[in-house]
Amino acid sequence: MPRLDVREIPPVNRHDKIHEEFDGMEPGETLTIVNDHEPKPLYYEMAAEVPAFDEEAYEVRQNAPDEFVAEFPKTEE
């Protein structure tokens, strides 16, 4: 499953890179994102704009003050 650490990517470029990675995945795969904050804005964006995003299976956990790991699953077709 793809894993993307976006902490080193400038914030203005993060969502584009994440969408690009998500679009390249196969149905049933999950994109794991490592971020420096909880990605709530990204969650809402994906839920509103990406039909293949399985928002009910979304999960996020905080491993450290500056490390949030979020799972963005792609629905099976």
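These figures come from a predicted structure and were not determined experimentally.
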Contact list for residues 31-60, test salt bridge (Lys or Arg N to Asp or Glu O under 4.0 Å), sequence neighbours left out:
Arg14-Asp36
Would a single hydrophobic cluster contain both Tyr44 and Leu31, if residues Ile, Leu, Val, Met, Phe, Trp and Tyr are joined by side-chain heavy-atom contacts under 4.5 Å?
yes
Closest approach of His19 and Val50, non-hydrogen atoms and distance?
CE1-CG2, 3.7 Å
Can you check whether Arg3 reaches Val34 side chain to side chain, under 4.5 Å on heavy atoms?
yes
State which residues pass salt bridge (Lys or Arg N to Asp or Glu O under 4.0 Å) with Glu29; sequence neighbours excluded, sorted by chain then number.
none
Correct closest heavy-atom pair for Val60 and Pro39 would be CG2-CD, 4.0 Å
Rounded to the nearest 0.5 Å, how far apart are CD of Glu76 and CD of Glu26?
10.5 Å
When the side chains of residues 62-69 are checked against the rest of the protein, which donor-acceptor pairs come out under 3.5 Å, sequence neighbours left out?
from  : atom 1 : to    : atom 2 : distance (Å)
Gln62 : NE2    : Ala64 : O      : 3.2
Asn63 : ND2    : Glu67 : OE2    : 3.0
Glu67 : OE1    : Arg7  : NH1    : 3.4

Side-chain heavy-atom pair Thr32, Leu4 within 4.5 angstrom cut-off:
no
Any side-chain heavy-atom pair from Phe22 and Pro2 closer than 4.5 angstrom?
no
Atom pair CD1 (Ile18) and NE2 (His15), whose distance is rounded to the nearest 0.5 Å:
5.5 Å
Those residues that, when tested against Tyr58, pass ring-ring contact (aromatic ring centres under 6.0 Å, His included) (two or more places apart):
Tyr43, Phe72
NZ/Lys17 to CD1/Ile33 distance, rounded to the nearest 0.5 angstrom?
11.5 Å
Note, Glu71 side chain near Arg61 side chain (heavy atom, < 4.5 Å)
yes
